[in-house]
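Below you'll find the structure, written out as C-alpha cells, and then a few comments.
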Amino acid sequence: MNSEEHGFTQGEQGPRVRSVNHRELRANADFVLYWMIAARRPFFNSALDRAIAYAGKLNLPLVILEPLRCDYPWASDRFHRFVIDGMEENRQAFAVAPVTYCPYVEPAPGTGRGLVDALAERAAVVITDDFPCFFLPQAVEQMGRRLAVALEAVDGNGILPMSTADRPFSAAVHFRRHLQQHLREVLRCAPSATPFKDVRLKTLGPLPKSIRSRWPSASTALLRGEQGSLDSLPIDHEVSAVAMRGGWSRARRRLRAFVSRHLSRYAEGHKHPDDRATSRLSPYLHFGHIGAHEVFSAVMKHEGWSLRKLGLKATGQREGWWGVGAGAEAFLDQLVVWRELGFNTCAKNADNYENFESVPNWAQQTLAKHLGDLRPHLYSHAQLERAETHDPLWNAAQREMLRAGWCHNYMRMLWGKKILEWSPSPQQALATMIAIMNRWSLDGRDPSSYSGYMWTLGKYDRPWPEREVFGTVRSMSSANTAKKVRVKNYLRVR
DNA sequence: ATCGGCTCGCGCAA
DNA sequence: TGCGCGAAGCCGAT
C-alpha cells in the first residue's frame, strides 16, 4: 500500500502546517517532540512525517508523547479502552523504529499537567496534531502561549488540508465542487505509508529519570487491557468498554475486510442496517488510528484507479467524477466529501459549530414558528438515553449505540430527526443529541458527528413541505424508514 | 410501484 | 439577472 503508486508525491506539507505560537526553534536541544493528540497512528501521519523531517534535519532524536487525560468531557471506560488499545499497538510499531515512544495515561485529574512543558524545555521544536473540534483547539492554543519553544500544529485529518478553503460551505455540493477543483494538487501533500523507511535518526533511549518518575509510562496492565485496569480512574464507568477494540492494525484489518467484502455493493448496501455493509471505520478515523489517506489508497487500489480517471469538469456532481465503480463512488462521497465538509465547518466556524445559531436562518425561523405546536410525544433525556420510547426502530438505534458504541449511518438520521420531533425545542434537541451520542458513541465528539446533529436541524439541506414541529425542515418517519430499508434483524437486537 | 410537487438560497452561466 | 439544483423525505394521485 504505497501512496506513490497512486500519484502521490511526498514531503510537500506546507498547506498542512500551522505555526501556533510563532516562536523560534531552540538551539542546544536534546530532541524533537511530537505531542500526539489526534492522529494516534504510526503511518500515514503528516505530523509524524514533519517531526521525522525535523529530527533528521537537526540531527536529533525523536520523542513521541501520546497522552490521555482523565478529565475531558465524557471520559469513560469505552473511550479509554479504545485509545489505550491504540497505544499498545503504537508501542509495538514504534518499538522497531528509531524513536522514543511514551504512552501516558493520566491517573488522576491534573497529574498530567506539566509533562508537555517539561519535555518541551528540552525540545528543539514541538509538533502536534491540528484537530478543529472538541477541547483540542483550545488545548493547543494554550500550550502555544505557555511554551517558550516553537509549536507547530499539523493537519493530518483528511485528503484536503483545511487551509485549502478560506470559507465555510452551506451545502455538500459546493464543497464537492471545491474538492474536485483541488484534488490533484492536494494529493501531493499526502503522508508517508512508511515514514521510517530509509530514515536514520539519532536515538535517545529512555527519558530522563526526573520525568519518568513523575510521569510514568502507561502500565503493562493498562496497555494489555487487563480486567479492572481502568477501575481506579475517575472516569465514567457506566459507559463500559465494547467489543470493538482500538488500534491501527485492527483498523487496517477492518479496512481490508470492508474493501474486499462490501465496497462493490456499498452504493445500495449501505442503506440497509441488516446488511452490515458499511465500513464501521468511523471510530478508528475519529481517534486517528487510521488515516483518510490509507483508506483512500486501499479503496483506489481495489478499483485500479489512477489520476487519469478523474473527471475533467468540477461541477460538484455526485457520481462518476472519481472514475471508479458505483460502490466506491458512494463510499468516497462519505469518506472525503461528507467527512471533510465537517472538518471545514468546524475549522471555519470555530466559535459556533456546536450551537443552534450555526444552522441556516430559514431553518431557525421555521423551527421557531413551530415551537408552540403540540408534541404528542415528549421524552426526557434519561428516557431517550435508556431507549425507552414507544418507537421500536428508534429504540433499536439507541440500543446499538449503548451496546456497540456505534450506530448505523442511516439510522442516525432517523435518530436525530426523532429527537427533534420529541423535544420541546430545537436547542434542547441539539443538546440531547450532543449529550447522548458524544457520551456513548466511539465516533462522537468529531466534526462528522456535529455535522450530523446540525443536518437533522436543517444545515446543508433545503426546505420541504411544512409539517407540525419540523416546519419546513426535512422530516423522517420510522414507518417509512422500515418500509424502505431492511431492518428485520436490526429490530431483534437487544 | 412510480411520480410530481413542495421550498430556499447558492453559485455559475449569461 | 435568471436558472438549475440539492444526504438519505413525505404525501397524494395515478
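Lettering of chains follows the sequences in order, A, B, ..., and the numbering in each one begins at 1.
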Inset, instruction - Give a yes/no answer on whether the side chain of Asn480(A) brings an N or O atom under 4.0 Å of OP1 or OP2 in dA8(C). - result: no
Inset, instruction - Salt-bridge test for Arg467(A) and Glu421(A): reply yes if a basic N is under 4.0 Å from a carboxylate O, no otherwise. - result: no
Legend entry - Pairs satisfying ring pair (Phe, Tyr, Trp, His ring centres under 6.0 Å), at least one member in residues 454-482 of chain A, at least two apart: Trp338(A)-Tyr460(A)
Inset, instruction - Output every pair passing side chain to side chain donor-acceptor pair (under 3.5 Å) with a member in residues 64-81 of chain A, not counting sequence neighbours, ordered by first then second residue. - result: Arg40(A)-Glu66(A), Glu66(A)-Asn90(A), Glu66(A)-Tyr101(A), Arg69(A)-Asp71(A), Asp77(A)-His237(A), Arg81(A)-Asp85(A)
Legend entry - Verify stack between Tyr410(A) ring and dA8(C) base, 5.5 Å, 30 degrees: no
Legend entry - Per-nucleotide protein contact string for nucleotides 9-14 of chain B (B base, S sugar-phosphate only, - none; heavy atom under 4.0 Å): -SSS--
Inset, instruction - Under 4.0 Å between any heavy atoms, over every strand shown, what does Ala171(A) touch: base, sugar-phosphate, or nothing? Just pick one. - result: nothing
Inset, instruction - Would you list the pairs meeting salt bridge (charged side-chain N to carboxylate O under 4.0 Å, His left out) in which at least one residue belongs to residues 444-465 of chain A, sequence neighbours left out? - result: Asp461(A)-Arg474(A)
Inset, instruction - For His178(A), answer base if it contacts any base atom (sugar-phosphate contacts may also be present), sugar-phosphate if it contacts only those atoms, and nothing otherwise; contact means non-hydrogen atoms under 4.0 Å. - result: nothing
Legend entry - Distance-only donor-acceptor test (3.5 Å): side chain His270(A), base dA8(C): yes
Polar atom pairs (N or O), protein with nucleotides 4-7 of chain B, under 3.5 Å:
residue : atom : partner   : partner atom : Å
dT7(B)  : O2   : Pro463(A) : O            : 2.7

Legend entry - Residue-phosphate contact under 4.0 Å: Ser475(A) side-chain N/O, dC10(C) OP1/OP2: no
Legend entry - Base-paired stems in DNA chain B, each at least three Watson-Crick or G-U pairs under 3.5 Å: B:1-6 with C:9-14, B:8-13 with C:1-6
